[in-house]
Amino acid sequence: MVPLEERFPRPSVMGVVNVTPDSFSDGGVNFGAEDAVATALRMAEEGAAIVDVGGESTRPGSGGVSPDEELRRVEPVLEALQGRVPVSIDTTKAEVARRALALGAELVNDVTALRGDPGLAEVVASSDAYLCLMHMQGEPRTMQQDPQYGDVAGEIAAFLEERLSFAVAAGVPEERICLDPGFGFGKTVEQNFELLARLREIVALGRPVLVGLSRKRSLGRILGDPEATTGPLSASLAAAVEAYERGATIFRVHDVREHVEALTVAAAVG
Ligand code: 9MG
């Protein structure tokens, strides 16, 4: 088995392919399977190490979709990409992950860190897939209402350490796991920026760290729009480079070419 850090050397870019009608960050441009496939192929050409295909929105305020609906959205995309582009499946559901892995996905990106579906750990453990465990306070529908932390980086590090132990105890080898502090998932603007400043505390857990800062609303808000629901590319690139300098390995982004270029420069300096 190839450890995750060898399969995805630092920095690796993960392209976001939301097969959803209701994403703020990309306006639902990939809701049609053909568009989603074309986007994924373009991202691979632009240098993405992997594309993250998801059929359920996790933006603040969103409710869930059924496994059938999620599969209806992602299956044709996974079928068309099989053997052509490395794929990650962005899902919290065992049934969706099982089907995606059968269709060639090599990473399961679970924003609940194995707290959502009790069957998901077994699906990952019985495959040779990689796994991303992400921190979220609350659930997407309500998570931005009043997030509270005593020590944001310390609490998130402790959470991720516990979820890593849980996943390993469930049979997922540690070498296959990466950790994600979950920027924007139950965090205020100030909490997100403190977390980014202290990202080394998450990196110190010893597993590769994946970050999703691209187009996040905190970036728009720090630039002066208190109602922003997204952030611009310029701010996304600055945030990615800051995360790189603090040790992040995988960057989940919408604008692949620009992030590959920015991170190549950062890596040349680093
Ligand atoms: C699905 N999704 C949306 N934002 C994300 C982030 O920051 N990290 C991960 N792992 N997944 C995300």
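Note that ligands are numbered from 1 as they come in the structure, with each ligand's atoms numbered from 1 the same way.
- The protein non-hydrogen atom at the shortest distance from atom 9 (C) of ligand 1 is Asp180 OD2, 3.1 Å.
- Listed by number with element, the atoms of ligand 1 under 4.0 Å from a non-hydrogen atom of Lys216 are 4 (N), 5 (C), 6 (C), 7 (O).
- Backbone and side-chain nitrogen or oxygen atoms of Asn109 are examined, and one is located within less than 3.5 angstrom of a nitrogen or oxygen of ligand 1.
- Ring pair His135/Phe159 is perpendicular by interplanar angle, where above 60° counts as perpendicular and below 30° as parallel.
- A salt bridge links Arg7 with Glu106: at least one charged nitrogen is closer than 4.0 Å to a carboxylate oxygen.
- Against a heavy-atom cut-off of under 4.0 Å, Asp90 is close to the following atoms of ligand 1: 1 (C).
- The side-chain tip of Arg10 points at the ring of Tyr244 from less than 6.0 angstrom away and within 45° of straight on.
- For the pair Lys93 and Glu95, the salt-bridge criterion is not met [side-chain N within less than 4.0 Å of a carboxylate O].
- Salt-bridge check for Arg252 with Asp90: passed, with a basic side-chain N closer than 4.0 Å to an acidic carboxylate O.
- Here is the list of ligand 1 atoms found below 4.0 Å of a heavy atom in Leu210: 10 (N).
- Chaining together hydrophobic side chains whose heavy atoms lie under 4.5 Å apart places Met136 alongside Val111, Met134, Met143, Phe185.
- With a 4.0 Å cut-off on non-hydrogen atoms, Val111 touches ligand 1 through its side chain and not its backbone.
- The closest protein non-hydrogen atom to atom 3 (C) of ligand 1 is Arg252 NH1, 3.3 Å.
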